[in-house]
Structure formats: C-alpha cells, structure tokens
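Notes follow the structure.
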Amino acid sequence: MRARPLAAALLLAVAAAGCAGSQASQPQAGDTRFIAGDGKVTVFEAAGRKAAPAVEGATLQGGTASLAAHRGKVVVLNFWASWCAPCRAEAPVLADIAAKTKADGVEFLGVDFKDDKARALAFERTEKPGYPSIFDQPGKVALAFQGTVPPAAIPSTLIIDRQGRIAARALGAVKYSDLLAAVTRITDEK
C-alpha cells in the first residue's frame, strides 16, 4: 500500500518539473504551463506599445473594477493568487508602492487568478494591499493578456500607461526599486 503514495508523489514531482518553463519560452494558444520569471521589469518603448485588452470584473470586495475606469491614469495591474509563495513575498512591495504613488495619480488593481475566494479574502485581510482585486477564478483576464503575459505566469505585473497601452511587464515577484523606478518613469512621460 505504501508504494501507491510514493508513486503518486514521484509522478507529481516529475509532472511539476516538466511544467516549469523559462521566461524565454513562448506559450502556444491555450498553454497553461507554469512560467517562471525573475521579477525584472521590462519597459516597452512608447512607439511599440500595444493596447491593453478590456478588463472588467467583480472584485473580491463585492464591487466591480475595470481598466476603463482608470483611463488617463497609470495603472499597475498585478496577477496573484493566495497559493502563490512569490505573491506573498511581493505583496508588501506592491502595497507600499501603491500608497507611495497614489498622490501622483497611479492606480493599482489586482487580479486574483485561479484561486479559492475564501483563501483570497484571507490573503487580503493579512496583506492589506490597499487596492481592489478582480476575482478571476477561471483565468479569463489572464488569457486576455496572452502574448504579453503567459497565462500561468504568477505573479506577473503590468504597468498600463495613460493611453491604455501596456508600458511595462514583470514576470515573477517584483523588486521594490525596479517597480518604483518603472512606475515613476511611466508616470513622468508626457
């Protein structure tokens, strides 16, 4: 009887190792493999930026949120989940930068990805981000960004410029100085 749990654990370990991809790998349509990231922020040149897709949904707090509601402002969009250890590690960074840049007109919006709502609410009570999160249990918001953010790259952070274009991206837990520098750079654009 002990062979079954051991075999199952071994199979799970092999499957998990096979799911990890690199940041350089390009996902195919419908690809839901985990994509590892290093958290580095890549800022895209203004001339090459693509429009962000329409994002709207019910928030964990019971309201609704959308990117369109923040048109004309810089928006930091963070994909996270309560089950994601790097998401927990970066949560204080995001909360602090959100508070620090609010006076400059920067808005933060979370996207809780493929999560259990009760656990996501507990995460928010513990981490106190200070901004709303769309509850995206099926992962539809993440799929809308396919090509910019692999659908299984958690955490991921995007910075949307005042024109509604994707100005920057980080795959993996962001570092404080990197995110603050990118937000400041995009906020200072004319």
Between Leu158 and Val76, does a side-chain contact (heavy atoms from CB on, under 4.5 Å) hold up when you go through it step by step?
CA-CA 6 Å; Leu158 297 174; Val76 177; over 6 Å; no
Common cluster, Ile166/Val141, ILVMFWY with side-chain heavy-atom separation under 4.5 Å:
yes
Check the pair Thr101, Thr187 against side-chain contact (heavy atoms from CB on, under 4.5 Å), reporting the backbone distance first and the verdict last.
CA-CA 9 Å; Thr101 60; Thr187 302; over 6 Å; no
What disulfide (SG to SG under 2.5 Å) pairs are there with at least one residue in residues 161-190, not counting sequence neighbours?
none
Any chain of hydrophobic side-chain contacts (each under 4.5 Å) joining Leu94 to Val111?
no
Under 3.5 Å: donor-acceptor pair, side chain of Trp83, backbone of Lys114:
yes
Test item: Arg169 side-chain N/O and Thr148 main-chain N/O as donor-acceptor pair under 3.5 Å:
yes
Can you name the residues that form a ring-ring contact (aromatic ring centres under 6.0 Å, His included) with Phe145, not counting sequence neighbours?
Phe79
Specify the closest pair of heavy atoms between Leu67 and Ala52, including all atoms of both residues, with the distance to one decimal.
CD1-CB, 4.0 Å
Verify same cluster id: Leu109, Leu171 (apolar side-chain graph, 4.5 Å)
yes
Cluster question for you: counting only ILVMFWY and a side-chain heavy-atom cut-off of under 4.5 Å, with indirect links fine, are Val75 and Phe113 together?
yes
Taking distance alone, no hydrogens or angles, what donor-acceptor pairs closer than 3.5 Å link side-chain atoms of residues 172-183 to residues at least two apart or in another chain?
residue, atom, partner, partner atom, Å
Lys175, NZ, Asp38, O, 3.2
Tyr176, OH, Asp96, OD2, 2.6
Tyr176, OH, Lys100, NZ, 3.1

Does either side chain, that of Asn78 or that of Glu90, offer a donor lying less than 3.5 Å from an acceptor on the other one?
yes
May I have all residue pairs that pass disulfide (SG to SG under 2.5 Å) and include part of residues 158-190, sequence neighbours excluded?
none
Tell me every residue that passes side-chain contact (heavy atoms from CB on, under 4.5 Å) with Ala168, counting only those two or more places apart in sequence or in another chain.
Val41, Val43, Ile159, Ile186
Qualifying salt bridge (charged side-chain N to carboxylate O under 4.0 Å, His left out) pairs, either residue in residues 60-87, two or more places apart
Lys73-Glu107
Pro53 and Ala144: which non-hydrogen atoms are nearest, and at how many Å?
CG-O, 3.4 Å
Determine which pairs satisfy disulfide (SG to SG under 2.5 Å) with at least one residue from residues 84-118, sequence neighbours left out, and list them in order.
Cys84-Cys87
Does Asp115 reach the main-chain N or O of Ala81 with its side chain, forming a donor-acceptor pair under 3.5 Å?
no
Partners meeting side-chain contact (heavy atoms from CB on, under 4.5 Å) with Ala46 (sequence neighbours left out):
Arg49, Arg165
Main chain of Gln163, side chain of Asp161: is a donor-acceptor contact present, judged purely on distance under 3.5 Å?
yes
Can you list everything that forms a ring-ring contact (aromatic ring centres under 6.0 Å, His included) with Tyr131? Sequence neighbours excluded, please.
Phe108
Calculate, to the nearest 0.5 Å, the distance between atoms CG and NE2 belonging to Leu77 and His70 respectively.
9.5 Å
Which pairs count as disulfide (SG to SG under 2.5 Å) when at least one residue sits in residues 152-190, sequence neighbours excluded?
none
side-chain contact (heavy atoms from CB on, under 4.5 Å) involving Lys117 - partner list, sequence neighbours excluded:
Leu60, Leu121, Phe135
Work out which heavy atom in Ser82 is nearest to a heavy atom in Asp112; give both atom names and the distance.
N-OD1, 4.2 Å
Just grab all the side-chain hydrogen bond (donor to acceptor under 3.5 Å, both in side chains) pairs involving residues 53-62, residues at least two apart or on different chains.
Thr59-Gln61, Gln61-Glu124
